[in-house]
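To start, the structure itself, in structure tokens.
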Amino acid sequence: MRGFNRVIIAGNVTKDPELRTTPSGQSVTSFSVATNRKYKDASGELQETTEFHNVVAWGKLAELCTQLLHKGSGVLIEGRLQTRSWEGQDGVKRQTTEIVAENM
């Protein structure tokens with residue numbers, strides 16, 4: 001079976017995008033998006049939960065995100081999930097899952 005890795009989120013930017021340049025000269029930016037969900041619990045009370053999503057954009061899209069998005073901006077992101085692993089300076093292996101943006 002062929003896999004399908006596609007994510008679409010709509011929410012608010014929680015911090016200003018941070019533009020960086022890789023040693024090879026490619027632009028990359030990262031920022032976080034908060035999404036809210038409202039639902040009724042078992043007792044009928046209205047509840048609201050918030051999820052925070054780390055987003056990474058590359059190339060021209062990274063530059064556009066940095067120019068157009070600011071803390072509090074509403075945004076719709078389309079992309080794919082990617083999990084990265086690395087070893088921290090303290091020798092502990094760490095892992096994160098983020099959205100690699102393909103459209104904004």
Side-chain angles (χ1 to χ4, degrees):
M1 174 184 226
R2 189 166 189 205
F4 185 76
N5 183 354
R6 179 61 66 208
V7 176
I8 300 173
I9 61 168
N12 294 311
V13 177
T14 63
K15 64 178 184 174
D16 291 340
E18 304 167 9
L19 185 65
R20 302 177 307 280
T21 305
T22 65
S24 64
Q26 187 164 9
S27 298
V28 60
T29 191
S30 56
F31 55 97
S32 180
V33 175
T35 57
N36 299 320
R37 180 175 82 98
K38 292 182 182 181
Y39 64 95
K40 288 188 180 180
D41 63 14
S43 65
E45 294 284 324
L46 187 61
Q47 301 291 323
E48 183 172 2
T49 60
T50 303
E51 292 288 332
F52 297 91
H53 312 275
N54 294 321
V55 180
V56 176
W58 293 87
K60 184 67 174 169
L61 183 58
E63 295 169 14
L64 286 172
C65 288
T66 303
Q67 292 171 9
L68 300 175
L69 298 179
H70 304 283
K71 182 177 179 178
S73 299
V75 66
L76 185 137
I77 298 290
E78 179 183 2
R80 61 185 168 82
L81 288 178
Q82 177 176 292
T83 301
R84 293 185 296 119
S85 299
W86 71 96
E87 189 172 305
Q89 292 178 342
D90 56 3
V92 176
K93 188 170 182 176
R94 305 199 192 290
Q95 185 174 328
T96 188
T97 300
E98 57 202 6
I99 298 170
V100 178
E102 296 172 357
N103 290 305
M104 172 190 64

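Count residues from 1 along the sequence.
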Side chains of [X] and [Y]: does their closest heavy-atom pair fall under 4.5 Å?
{"X": "L76", "Y": "I9", "result": "no"}
{"X": "F31", "Y": "I77", "result": "yes"}
{"X": "P17", "Y": "Q67", "result": "no"}
{"X": "L69", "Y": "D16", "result": "no"}

Residue list, salt bridge (charged side-chain N to carboxylate O under 4.0 Å, His left out) with K15, at least two apart or on another chain: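 Here the qualifying residues are E18.
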Side chain to side chain donor-acceptor pair (under 3.5 Å) against S73, all qualifying residues, sequence neighbours excluded: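 Not a single residue meets the side chain to side chain donor-acceptor pair (under 3.5 Å) criterion with S73.
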Contacts of S85 that satisfy side chain to side chain donor-acceptor pair (under 3.5 Å) - sequence neighbours left out: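 If we apply the side chain to side chain donor-acceptor pair (under 3.5 Å) test to S85, skipping adjacent residues, there are no hits.
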Over all atoms of both residues, closest heavy-atom pair of A34 and T14: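 Nearest pair, atom of A34 first, then T14: CB-CG2, 3.6 Å.
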Sidechain-backbone polar pair: T21 side chain, G25 backbone, donor-acceptor under 3.5 Å: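 A pair under 3.5 Å: no.
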Mind listing the side-chain donor-acceptor pairs of residues 49-65 below 3.5 Å, one per line with the distance, residues two or more places apart or on another chain?
{"residue": "T50", "atom": "OG1", "partner": "N36", "partner atom": "OD1", "Å": "2.8"}
{"residue": "H53", "atom": "NE2", "partner": "T35", "partner atom": "OG1", "Å": "2.8"}
{"residue": "E63", "atom": "OE2", "partner": "S27", "partner atom": "OG", "Å": "2.9"}

Listed pairs under 3.5 Å, donor-acceptor, residues 94-104 side chains, sequence neighbours left out:
{"residue": "R94", "atom": "NH2", "partner": "D90", "partner atom": "OD1", "Å": "3.3"}
{"residue": "R94", "atom": "NH2", "partner": "D90", "partner atom": "OD2", "Å": "2.7"}
{"residue": "T97", "atom": "OG1", "partner": "T83", "partner atom": "OG1", "Å": "2.9"}
{"residue": "E98", "atom": "OE1", "partner": "R84", "partner atom": "NH2", "Å": "3.4"}
{"residue": "E98", "atom": "OE2", "partner": "R84", "partner atom": "NE", "Å": "2.7"}
{"residue": "E102", "atom": "OE1", "partner": "R6", "partner atom": "NH1", "Å": "2.7"}
{"residue": "E102", "atom": "OE1", "partner": "R6", "partner atom": "NH2", "Å": "3.2"}
{"residue": "E102", "atom": "OE2", "partner": "R80", "partner atom": "NE", "Å": "3.4"}
{"residue": "N103", "atom": "ND2", "partner": "E78", "partner atom": "OE1", "Å": "3.2"}

Sequence neighbours excluded - salt bridge (Lys or Arg N to Asp or Glu O under 4.0 Å) pairs with any residue from residues 32-41: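 Every pair satisfying salt bridge (Lys or Arg N to Asp or Glu O under 4.0 Å) with a residue in residues 32-41: there are none.
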